[in-house]
J.: 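Quick one: this structure, given as structure tokens, is what I'll be asking you about.
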Amino acid sequence: MTTFAELGVDQDIVDVLASKGIVDAFPIQEQTIPLGLPGQDIIGQAKTGTGKTFGFGIPVVQRLGPNPEPGVKALIVVPTRELAVQVYEDMDMLTSGRSTSVVAIYGGKAYEGQIDQLKAGAQIVVGTPGRLIDLNNQRLLDLSSAVEVVLDEADKMLDLGFLADIEKIFTKVAPVRHTQLFSATMPGPIVALARRFMSNPIHIRATDPDEGLTQANIQHLVYRAHSLDKDEVIARILQADERGKTVIFTRTKRAAQRLSDELGDRGFNTASVHGDMSQEARERSMAAFKAGKKDVLIATDVAARGIDVDDVTHVINHTIPDDEKTYLHRAGRTGRAGKTGIAVTFVDWDDLHKWALINRALDFGQPEPTETYSSSPHLFTDLNIPEGTKGRLTTAPRAQAAETSKPRSDSGSAENGGRRRRSRPEQSAREPQPIAEHGGATVAAPEGAGTHDGGGSEHHDGNAAPRRRRRRRGGARTGGGAPAA
DNA sequence: AAAAAAT
């Protein structure tokens with residue numbers, strides 16, 4: 001491990017970091033800080049939760065000098081308002097030992113405070129594209145002296161939805177500048193595109209290419225979700241012991257709101273964040289989740305990237321994301337800074353092709369999911385997060401495979417929830433059907449599951465949450481056969 | 001096709 005001081009970081013910054021208990025640099029920081037400090041353009045790629053923000057942030061602060069003149073010298077562009085707040089806080093911390101001031105510029109908030117801070121001479125601007133351009137158009141934000149430019153989540157910023165804004169912003173900043181692009185995911189075509197805005201950039205990958213992009217300390221579980229009551233299964237996951245905070249991702253804003261209400265009704269401590277909420281409510285949710293006042297956050301992909309919350313042990317994909325990049329970023333809300341985490345994904349019938357895509361792109365090595373098997377209703381209460389788990393997806397245990405899947409028994413299976421007898425294919429219809437695991441540990445214990453059957457001895461036996469059954473739409477499908485991909 | 005991002 002290298003210390004920040006050894007990397008050439010100024011003493012006041014070293015002191016500030018030390019006061020937060022941060023002494024050793026992460027690999028991406030070891031690699032990019034010595035290059036960023038003298039002004040090398042960088043495309044920095046490192047896995048989720050491994051310290052990219054300081055990788056670009058420290059050189060930005062240091063290069064402005066201890067007493068920069070008033071006026072915008074540095075611009076950091078991010079894809080969401082919440083990430084703007086977070087990066088603002090990090091930069092504010094890094095600059096706390098010097099006179100440099102930082103301002104967050106993003107929409108959904110009053111103009112006044114932001115404009116005041118700009119007029120007061122803020123040197124570092126962290127913002128989202130819309131409001132940045134808005135204020136620039138109003139001549140309230142002069143970017144012409146911005147000599148430090150960073151795109152955080154750079155591949156997202158250069159994506160179609162943002163590219164025009166980013167191109168415009170690059171016409172406004174200083175032509176001779178230091179430019180840094182950071183992300184966990186940097187597809188080749190995006191790197192090629194990025195070079196247009198940079199000068200002789202060096203591409204730093206703080207990962208072993210053979211290792212792929214997935215975090216070794218995140219265990220990935222994938223379940224077929226058809227004929228599965230996802231609300232019920234998610235409720236069970238939330239009752240598992242050894243759970244810290246949990247982020248649940250949905251595909252749509254409406255689904256996020258519905259699930260948040262539903263789990264809230266069931267007695268869980270939920271908060272939500274999505275684009276249909278007021279900015280004030282969004283920030284209240286994030287603050288409560290970070291502070292631990294709420295331990296379940298239901299979110300759209302607005303929270304998929306960059307958001308750093310301590311002690312998130314579980315990420316649940318209520319709906320599988322569309323592509324491997326989003327999968328990686330969502331899962332990356334857990335397993336940060338060396339900790340372990342679990343990512344659980346539910347794959348709906350119509351989405352099996354997305355799983356195939358992700359499976360292939362992330363090299364999970366799992367064959368197409370053509371089998372189902374029933375698993376313990378205690379599956380999620382038995383989860384232990386294995387240390388340093390790593391490796392390819394293991395094939396689903398065949399012993400339990402229900403090759404001839406029966407029509408689901410559709411009696412009141414939810415009635416006794418997790419109390420049902422288990423390990424019977426006949427009863428599997430509404431139980432989680434794992435199709436893959438990544439991480440090495442066998443989590444579903446089809447044969448030996450009995451050891452955990454406490455017959456009521458468990459402390460997580462459902463009473464934690466008031467039960468209130470509400471049937472989701474019919475959804476009776478006969479499971480089993482290999483779906484057409 | 002959804003979500004995000006200005007009002």
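Below, chain A is the first sequence line, B the second, and so on; all start at residue 1. What you are looking at is a predicted structure, and each value in this text was computed from that prediction instead of being measured. Computed from heavy atoms alone, side chains included, the values below leave out hydrogens, waters and symmetry copies.
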J.: Nearest to the Asp322(A) side chain among dA4(B), dA1(B), dA2(B), which nucleotide is it?
T.: dA1(B)

J.: Specify the separation, in whole Å, of atom CG of Asp276(A) and atom C1' of dA2(B).
T.: 12 Å

J.: Just how far, in rounded Å, is P of dA4(B) from NE2 of His274(A)?
T.: 9 Å

J.: What nucleotide, of dA3(B), dT7(B), dA5(B), holds the atom closest to the side chain of Phe162(A)?
T.: dA5(B)

J.: From the options dA4(B), dA2(B), dA6(B), select the nucleotide whose nearest atom is closest to the side chain of Asn137(A).
T.: dA6(B)

J.: Heavy atoms under 4.0 Å, any strand shown: does Phe249(A) hit a base, just sugar-phosphate, or nothing?
T.: nothing

J.: Does the pair Asp155(A)/Arg305(A) count as a salt bridge with the N-to-O cut at 4.0 Å?
T.: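 Salt bridge: yes.
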
J.: Mind checking if Lys253(A) touches a base, just sugar-phosphate, or nothing, with heavy atoms under 4.0 Å?
T.: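 The answer is sugar-phosphate, as Lys253(A) gets under 4.0 Å only of primed atoms, P, OP1 or OP2.
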
J.: Could you tell me how far apart Gln138(A) (CD) and dT7(B) (P) are, to the nearest whole angstrom?
T.: 10 Å

J.: What is the distance, rounded to the nearest whole Å, between atom CG of Asp152(A) and atom P of dA5(B)?
T.: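 So the two atoms are 15 Å apart, to the nearest Å.
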
J.: Just say parallel, tilted or perpendicular for the rings of Phe170(A) and Phe197(A), cut-offs at 30° and 60°.
T.: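 The arrangement is parallel - the two ring planes meet at less than 30°.
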
J.: Where is the tightest heavy-atom contact between Pro27(A) and Ala206(A), given as atom of each residue plus distance?
T.: C-CB, 4.3 Å

J.: Would you kindly give the CZ-to-P distance between Arg139(A) and dA6(B), to the nearest whole Å?
T.: 20 Å

J.: Among the nucleotides dA4(B), dA1(B), dT7(B), which one has an atom lying closest to any side-chain atom of Thr80(A)?
T.: dA4(B)

J.: Scan Gly107(A) against the nucleic acid and name what it touches under 4.0 Å (heavy atoms): base, sugar-phosphate only, or nothing.
T.: sugar-phosphate

J.: In this structure, how many angstroms lie between the P atom of dA5(B) and the CE atom of Met157(A), rounded?
T.: 10 Å

J.: Determine, stepwise, if the pair Val247(A) / Ile316(A) fulfils side chain to side chain contact (heavy atoms under 4.5 Å, CB included).
T.: CA-CA 6 Å; Val247(A) 184; Ile316(A) 301 173; over 6 Å; no

J.: Closest approach to the side chain of Val302(A), judged atom by atom: which nucleotide of dA2(B), dT7(B), dA5(B) is it?
T.: dA5(B)

J.: I'd like to know if the side chain of Gln257(A) pairs up with that of Arg254(A) as donor and acceptor (distance under 3.5 Å, no hydrogens or angles considered).
T.: no

J.: Atom OH of Tyr327(A) and atom P of dA3(B): how far apart are they, to the nearest Å?
T.: 21 Å

J.: Looking at Tyr111(A), is Arg131(A) sitting on its ring face, NZ or CZ under 6.0 Å from the six-membered ring centre and within 45 degrees of the normal?
T.: yes

J.: Considering just the side-chain nitrogens and oxygens of Arg305(A), establish if one lies under 4.0 Å of OP1 or OP2 belonging to dA4(B).
T.: no

J.: Could you check how far CZ of Arg254(A) sits from C1' of dA3(B), rounded to whole Å?
T.: 15 Å

J.: Measuring from the side chain of Thr300(A) (C-beta onward, heavy atoms only), which nucleotide among dA4(B), dA5(B), dA2(B) has the closest atom?
T.: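 Closest of the options to the side chain of Thr300(A): dA4(B).
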
J.: Which nucleotide in the set dA6(B), dA2(B), dA4(B) lies at the smallest distance from any side-chain heavy atom of Thr252(A)?
T.: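 Nearest nucleotide to the side chain: dA2(B).
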
J.: For a quick test of reading the model: is some side-chain N or O of Arg81(A) closer than 4.0 Å to OP1 or OP2 of dA5(B)?
T.: yes

J.: Within less than 4.0 Å of OP1 or OP2 of dA3(B), is there a side-chain N or O belonging to Arg282(A)?
T.: no

